[in-house]
Amino acid sequence: MKDEANARHEEEAVIAMLMMRAKALGEKNAEEALSYEAEDSVEFSLAPPLVINGKDETGLRAWFDTWQGPIGGEVRDAKLTLGGDVAFWSGLTRMTGTKTDGTEVDLWFRQTLGLVKRDGRWLVAHQHASVPFAMDGSGRALLDLQPQTAP
C-alpha cells in the first residue's frame with residue numbers, strides 16, 4: 001500500500017511539474033521554463049539544429065520573440081511511466097498562436113519526454129518532438145494532421 005501511495009505521489013509531482021513548465025512556455029517565460037530542465041538535457045526539437053545539448057535560453061528567447069502574445073496548447077493521448085528516479089512521458093501536443101508576421105499556427109506534433117529526479121525535483125532530461133512526413137519521396141512535412149477522435 002505504501003509503494004502504491006508513493007507511486008501516486010510521484011506521478012502527481014511529475015504532472016504538476018509538467019503543467020508548470022507548460023504554463024511557463026505558454027507565457028513565453030524562458031527562465032521559468034528552463035528551470036524544469038536538467039543542466040545536461042538533450043533536445044531534439046521541431047526546429048534546427050538537429051540536437052541541442054544543455055539549456056539554450058538564448059535560442060528559446062529568440063523563438064518566443066517570433067510569437068505575438070501567448071502560445072496556446074493542449075495535450076491528447078498522454079502516457080506517463082514511472083520507475084524509481086526516471087520517468088517517460090509521451091503524447092500528442094497542440095501548439096496554437098499567432099506569429100509576429102501574422103501567420104496563425106495550429107499544429108499537432110508528437111512529443112516524448114524523458115525525466116529524471118535529482119535532489120528531490122523532477123526535471124526534463126530528454127525531449128523529442130516530431131511531425132510525420134510524406135513517405136512518397138517528397139519529404140514534405142505533414143503539418144495538417146490531427147488526432148483521431150475516439151469512436
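Quick caveat: nothing in here was measured; it's all calculated off a predicted structure.
Counting all heavy atoms, side chain and backbone alike, Thr96 lies closest to Gly73 at OG1-N, 3.9 Å. Nearest heavy-atom pair across Ala125 and Ala38 is CA-CB, 4.2 Å. Here the closest heavy-atom approach between residue Arg61 and residue Ala30 is recorded as CG-CB, 3.7 Å. Taking all atoms of both residues into account, the shortest heavy-atom contact from Trp122 to Ala13 is CD1-CB, 3.9 Å. Taking all atoms of both residues into account, the shortest heavy-atom contact from Ala33 to Arg21 is O-CG, 4.2 Å.
You'll find the side chain of Val105 stays beyond 4.5 Å of the side chain of Thr98, heavy atoms only. Proximity of Glu32 to Leu34: side-chain heavy atoms (C-beta onward) are nowhere separated by under 4.5 Å. Residues Leu107 and Val131 form a side-chain contact, since some pair of their non-hydrogen atoms from C-beta on lies under 4.5 Å apart. The shortest distance between side-chain heavy atoms of Leu50 and Phe44 does not fall below 4.5 Å. Within the 4.5 Å cutoff, side-chain heavy atoms of Leu115 are placed close to those of Leu18. Side-chain contact between Lys23 and Met19 is absent, with no heavy-atom pair separated by less than 4.5 Å. Taking the side chain as every heavy atom from C-beta outward, Ser41 and Val124 never approach each other to under 4.5 Å. Thr58 has its side chain within reach of Asp56: a pair of non-hydrogen atoms, C-beta onward, lies under 4.5 Å apart.
Atom CD of Glu31 is surrounded by 12 or fewer heavy atoms from other residues, nucleotides or ligands within 6.0 Å.
Val14 and Val116 sit in two unconnected hydrophobic clusters of ILVMFWY residues. Membership requires side-chain heavy atoms under 4.5 Å apart, directly or through other members. Taking hydrophobic clusters as Ile, Leu, Val, Met, Phe, Trp and Tyr residues chained together by side-chain heavy-atom distances below 4.5 Å, Ile15 shares a cluster with Met20. Residue Trp63 is grouped with residue Leu143 when hydrophobic side chains (ILVMFWY) are merged at heavy-atom distances under 4.5 angstrom, including chains of intermediate members. One hydrophobic cluster holds both Leu80 and Val75 under the rule that ILVMFWY side chains link at heavy-atom gaps under 4.5 Å.
Between Glu27 atom CD and Phe64 atom CZ the span is 10.0 Å, to the nearest 0.5 Å. Interatomic distance, CD of Gln111 versus OG of Ser45, reported as 10.5 Å (0.5 Å rounding). The distance from atom CH2 of Trp89 to atom CD of Glu11, rounded to the nearest 0.5 Å, is 13.0 Å. Rounded to the nearest 0.5 Å, atoms CD1 (Ile71) and CG (Leu25) are 7.5 Å apart. Atoms CZ and CG, from Phe109 and Leu92 in turn, are 9.5 Å apart once rounded to the nearest 0.5 Å. Considering CD of Glu4 and NE2 of His9, their distance stands at 15.0 Å, rounded to 0.5 Å.
For the side chain to side chain donor-acceptor pair (under 3.5 Å) criterion with Lys55, the lone passing option out of Glu37, Glu43, Glu39 is Glu39.
Pairs passing the salt bridge (charged side-chain N to carboxylate O under 4.0 Å, His left out) check and including a residue from residues 97-110, sequence neighbours excluded, read Arg94-Asp106.
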Verdict with reasoning, Trp108 to Arg76, per side-chain contact (heavy atoms from CB on, under 4.5 Å) | CA-CA 10 Å; Trp108 283 97; Arg76 289 216 192 138; 3.6 Å; yes

May I have the step-by-step check of side-chain contact (heavy atoms from CB on, under 4.5 Å) for Val51 and Val42, ending in yes or no?
-> CA-CA 7 Å; Val51 63; Val42 176; 3.7 Å; yes

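No salt bridge links Arg8 with Glu10; every basic N to acidic carboxylate O contact stays at or beyond 4.0 Å.
Lys79 places no side-chain N or O within donor-acceptor distance of the main-chain N or O of Ser90, the cut-off being under 3.5 Å. Put simply, the side chain of Lys28 gets close to the backbone of Trp67: a donor and an acceptor are under 3.5 Å apart.
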